[in-house]
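Since the structure comes first, as structure tokens, the remarks are kept for the end.
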Amino acid sequence: QVQLVESGGGLVQAGASLRLSCAASGGTFSAYHMGWFRQAPGKERELIATTSFTGVNKYYGDSLKGRFSISRDNAKNTVYLQMNSLKPEDTAVYYCAAANVRRTVTAPRTQDAYDVWGQGTQVTVSS
């Protein structure tokens, strides 16, 4: 199965943009639906967005739609999360995750449906 490595996190000011990347290796990236999650201090991990293995179908958490955008490039084995108009409350560790298409027809929206997780990348937004 794939291994995932996130990058692109950092410290930014409110209103800035960041693009996170999640690079996959060791498997067939196009055989996985992908998701981005985040976990803020003292809070549960929450779903940000998912994309189907083709990249055609996407889903966004209600609170984030409009500011965040998920995309993938199967030729580069990478999924991205574009984050605009960042707010201090977006401060969290951001994780990408992969769900094998053999287990689920559509990109899952629950954490336990994902097979593989990255190590996370910290995003800190200052006011």
Side-chain angles (χ1 to χ4, degrees):
Q1 60 184 13
V2 295
Q3 292 83 48
L4 305 174
V5 178
E6 301 97 334
S7 62
L11 172 63
V12 297
Q13 291 189 328
S17 297
L18 275 178
R19 188 177 79 157
L20 304 183
S21 299
C22 172
S25 62
T28 305
F29 180 64
S30 58
Y32 291 84
H33 305 300
M34 298 298 296
W36 280 100
F37 295 79
R38 70 181 183 183
Q39 187 166 21
K43 296 186 177 181
E44 294 186 353
R45 190 176 299 182
E46 66 171 334
L47 172 68
I48 299 171
T50 69
T51 176
S52 62
F53 69 102
T54 61
V56 171
N57 297 308
K58 301 176 183 179
Y59 170 82
Y60 295 92
D62 289 339
S63 64
L64 298 167
K65 189 175 182 179
R67 294 194 299 124
F68 289 17
S69 176
I70 189 171
S71 62
R72 67 188 294 163
D73 186 338
N74 284 351
K76 295 183 177 180
N77 293 342
T78 303
V79 62
Y80 304 97
L81 183 68
Q82 178 67 43
M83 305 186 295
N84 299 325
S85 303
L86 284 163
K87 304 175 182 180
E89 51 264 42
D90 293 319
T91 294
V93 178
Y94 285 70
Y95 300 90
C96 64
N100 196 299
V101 299
R102 289 178 294 181
R103 289 186 58 193
T104 174
V105 174
T106 58
R109 301 175 186 179
T110 57
Q111 300 179 45
D112 58 2
Y114 284 84
D115 307 294
V116 183
W117 292 80
Q119 84 289 349
T121 185
Q122 177 71 46
V123 172
T124 303
V125 184
S126 63
S127 57

_Can you list, by chain and residue number, the hydrophobic cluster partners of Val56 when the side-chain cut-off is 4.5 Å?_
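So far as hydrophobic clustering goes, Val56 is joined with none.
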
*Could you list who else is in Phe53's hydrophobic cluster, with ILVMFWY side chains joined at under 4.5 Å, directly or through other members?*
Val101

*Apply side chain to side chain contact (heavy atoms under 4.5 Å, CB included) to Thr104 and list each qualifying residue two or more places apart in sequence or on a separate chain.*
His33, Ala99, Thr106, Pro108

*With sequence neighbours left out, what residues match Ala98 under side chain to side chain contact (heavy atoms under 4.5 Å, CB included)?*
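Testing Ala98 for side chain to side chain contact (heavy atoms under 4.5 Å, CB included), a comparison that skips the adjacent residues, returns Val2, Leu4, Tyr32, Met34, Val116.
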
*Mind checking what makes side-chain hydrogen bond (donor to acceptor under 3.5 Å, both in side chains) contact with Thr110, not counting sequence neighbours?*
Asp112

*Can you list the residues that meet the side-chain hydrogen bond (donor to acceptor under 3.5 Å, both in side chains) rule with Ser52, with sequence neighbours excluded?*
Thr54

Under 3.5 Å: donor-acceptor pair, side chain of [X], backbone of [Y]:
X: Gln119; Y: Val5; answer: no
X: Lys58; Y: Ala49; answer: no
X: Ser69; Y: Gln82; answer: no
X: Arg72; Y: Gly55; answer: no

Nearest heavy atoms of [X] and [Y], plus distance in Å:
X: Tyr94; Y: Glu6; result: O-OE2, 4.0 Å
X: Arg67; Y: Leu86; result: NH1-CA, 3.9 Å
X: Thr51; Y: Val79; result: CG2-CG2, 4.2 Å

How many angstroms lie between atom [atom1] of [X] and atom [atom2] of [Y], to the nearest 0.5 angstrom?
X: Arg103; Y: Asp115; atom1: CZ; atom2: CG; answer: 4.5 Å
X: Leu81; Y: Ser71; atom1: CG; atom2: OG; answer: 8.5 Å
X: Gln122; Y: Leu11; atom1: CD; atom2: CG; answer: 9.5 Å

*Which pairs pass ring pair (Phe, Tyr, Trp, His ring centres under 6.0 Å) with one or both residues in residues 8-30, sequence neighbours excluded?*
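Sorted result for residues 8-30: empty, none.
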
*Under the ring pair (Phe, Tyr, Trp, His ring centres under 6.0 Å) rule, what pairs show up with a residue in residues 97-127, not counting sequence neighbours?*
Phe37-Tyr114, Phe37-Trp117

Side chains of residues 41-48: which donor-acceptor partners sit under 3.5 Å, not counting sequence neighbours?
| from | atom 1 | to | atom 2 | distance (Å) |
| --- | --- | --- | --- | --- |
| Glu46 | OE2 | Arg38 | NE | 2.6 |
| Glu46 | OE2 | Arg38 | NH2 | 3.1 |

*With Asp73 via salt bridge (Lys or Arg N to Asp or Glu O under 4.0 Å) - residues at least two apart*: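 With neighbours one apart ignored, the set is empty.
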
*disulfide (SG to SG under 2.5 Å) pairs, two or more places apart, involving residues 28-59*: none

_Taking Trp36 as the starting point, is it possible to reach Tyr80 by hopping between hydrophobic residues whose side chains are less than 4.5 Å apart?_
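Tyr80 and Trp36: separate clusters.
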
*Should Gln39 and Tyr95 count as side-chain neighbours, where that means a heavy-atom distance under 4.5 Å?*
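Yes. Closest side-chain heavy atoms under 4.5 Å.
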
Residues 12-23, side-chain donor-acceptor partners within the protein, below 3.5 Å, at least two apart:
| from | atom 1 | to | atom 2 | distance (Å) |
| --- | --- | --- | --- | --- |
| Ser17 | OG | Asn84 | OD1 | 3.0 |

